[in-house]
Amino acid sequence: MTRRENSRRRRAPFRDPLLSILVVCGAAATEPAYFEGLKRFRRNPAVTVKIKAKPADPETVVRYAAGLASREAAYDEVWCVVDVDEFDLDKAVETADRLQVNLAVSNPCFEYWLLLHFETCVAPLTCYGDVEKRLLRHVPAYRKSALRFDDYASGVEVAVERARHPDAGHGRNPSTQVGRLIEKIN
C-alpha cells in the first residue's frame with residue numbers, strides 16, 4: 001500500500017490521558033445526566049471521566065466511591081456529587097477526608113448548580129422547591145428525571161464563575177462546589 005492510500009486511515013491516539021476522574025453522584029437521574037452530557041460536550045482528551053450513580057445519603061456515597069476506586073485503582077481523583085437536602089454532612093465530610101475523596105456539595109440541592117447557568121443567586125433557598133421555581137423560569141421543561149444537557153451547555157463557564165462568588169462560600173446556603181469539579185474535567 002502506498003503512503004497516499006494509507007493516509008486516509010486515522011492514527012491511533014498516541015498520548016495517555018493526563019488525568020482520570022471517577023465521579024459518583026448521590027442521585028439516580030439529574031446529576032449523572034448532567035455529567036454524561038458535559039463529558040460528551042467537552043471531549044477533553046487529556047481527562048477521562050467515569051460517572052456512576054449511587055442514590056443514597058452522602059456518607060454512603062463517599063464509602064461506595066472509595067470502594068470503587070480501591071478495587072479499580074485507575075483514578076487520579078475521586079469525586080462525590082452530593083446535596084445537603086435533609087442530610088447531615090459532618091460524617092460524610094469526615095469520611096471523605098479520611099478516604100481521600102473530594103466532595104462537590106450543593107446546598108440545598110444540585111439544581112442550585114443548574115440555576116447558576118442562568119443567574120447569580122445568593123439569597124437563601126430553603127429547599128429544592130425554592131430552587132426549582134427559579135430554575136423553571138429559565139428552563140420551563142425542566143424535570144429531575146429528564147435533564148437535557150443542551151439546556152445548560154452554553155452557561156457552564158459562567159456557572160463556574162458564579163459558584164466562586166464570595167457570598168456563596170462552602171457550607172453556606174446557597175452554595176456549591178460543583179464548579180471545582182467542572183474545572184478539573186475541562
Side-chain angles (χ1 to χ4, degrees), residues 16-117 127-128 131-132 135 142-149 151-153 156 159-160 163-164 168 170-171 173-186:
D16 288 331
L18 301 176
L19 184 65
S20 177
I21 301 174
L22 171 64
V23 177
V24 179
C25 302
T30 309
E31 291 91 328
Y34 180 88
F35 284 101
E36 287 292 347
L38 179 71
K39 192 169 129 177
R40 282 190 307 276
F41 182 74
R42 290 294 178 227
R43 296 184 184 170
N44 183 349
V47 179
T48 58
V49 180
K50 184 173 184 179
I51 298 144
K52 293 282 192 176
K54 177 66 174 171
D57 64 275
E59 185 183 14
T60 301
V61 174
V62 168
R63 289 181 186 281
Y64 174 77
L68 278 177
S70 69
R71 281 192 302 279
E72 296 177 18
Y75 304 105
D76 299 308
E77 294 187 19
V78 179
W79 285 79
C80 291
V81 179
V82 297
D83 295 349
V84 169
D85 283 331
E86 71 280 353
F87 300 113
D88 177 11
L89 289 179
D90 292 339
K91 282 185 176 181
V93 170
E94 181 182 305
T95 303
D97 285 344
R98 186 170 35 82
L99 298 175
Q100 299 178 331
V101 172
N102 298 288
L103 286 177
V105 177
S106 294
N107 186 2
C109 56
F110 183 78
E111 283 71 17
Y112 174 66
W113 166 252
L114 299 177
L115 180 63
L116 291 179
H117 289 66
C127 62
Y128 165 77
V131 181
E132 182 188 37
L135 185 57
Y142 174 75
R143 299 293 171 267
K144 274 181 105 44
S145 60
L147 181 129
R148 290 176 2 103
F149 182 78
D151 293 334
Y152 306 93
V156 174
V160 169
R164 286 191 196 125
H170 178 68
N173 178 335
S175 66
T176 184
Q177 287 86 45
V178 173
R180 290 177 35 232
L181 172 55
I182 299 301
E183 288 178 312
K184 292 281 186 171
I185 292 171
N186 286 339

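As a basis for the values below, the full set of heavy atoms in this structure was taken, side chains included, without hydrogen atoms, waters or symmetry mates.
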Non-hydrogen side-chain atoms of [X] and [Y] separated by less than 4.5 Å:
X	Y	result
Asp57	Val61	no
Pro174	Asn107	no
Lys184	Asn102	no
Val84	Asn173	no
Glu111	Glu132	no

Assess whether a salt bridge exists between Arg98 and Glu94, defined as any Lys/Arg side-chain N lying under 4.0 Å from an Asp/Glu carboxylate O.
no

Judged by atom type as modelled, is there a donor-acceptor pair below 3.5 Å linking the side chain of [X] to the main-chain atoms of [Y]?
X	Y	answer
Ser20	Ala74	yes
Asp83	Pro108	no
Lys50	Val23	no
Thr60	Ala56	no
Gln177	Val105	yes

Approximate separation, where rounding is to 0.5 Å, of [X] [atom1] and [Y] [atom2]:
X	Y	atom1	atom2	value
Leu22	Leu68	CG	CG	6.0 Å
Ile185	Leu19	CD1	CG	9.5 Å
Thr30	Trp113	OG1	CH2	15.0 Å
Lys39	Phe149	NZ	CZ	13.0 Å
Thr48	Asp76	OG1	CG	7.5 Å
Leu114	Asp151	CG	CG	9.5 Å

Shortest non-hydrogen contact between [X] and [Y], atoms and distance:
X	Y	value
Ala66	Val101	CB-CG2, 4.1 Å
Cys80	Val62	SG-CA, 3.7 Å
Pro32	Ile51	CA-CG2, 4.1 Å
Tyr75	Val78	CB-CG2, 4.3 Å
Leu147	Ala33	CD2-C, 3.9 Å

Would Val156 and Arg42 count as a side-chain contact (heavy atoms from CB on, under 4.5 Å) if you check the C-alpha gap in whole Å, the side-chain angles of each, and the deciding distance to 0.1 Å?
CA-CA 11 Å; Val156 174; Arg42 290 294 178 227; 3.5 Å; yes

Name the residue from Phe35, Trp79, Tyr112 that meets the side chain to side chain contact (heavy atoms under 4.5 Å, CB included) definition with Val178.
Phe35

Tell me, please, whether Tyr128 has Lys144 positioned over its six-membered ring: NZ or CZ under 6.0 Å from the ring centre and within 45 degrees of its axis?
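Satisfied, under 6.0 Å and within 45°.
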
With a 6.0 Å cut-off on the ring centroids, do His117 and Tyr34 count as close?
yes

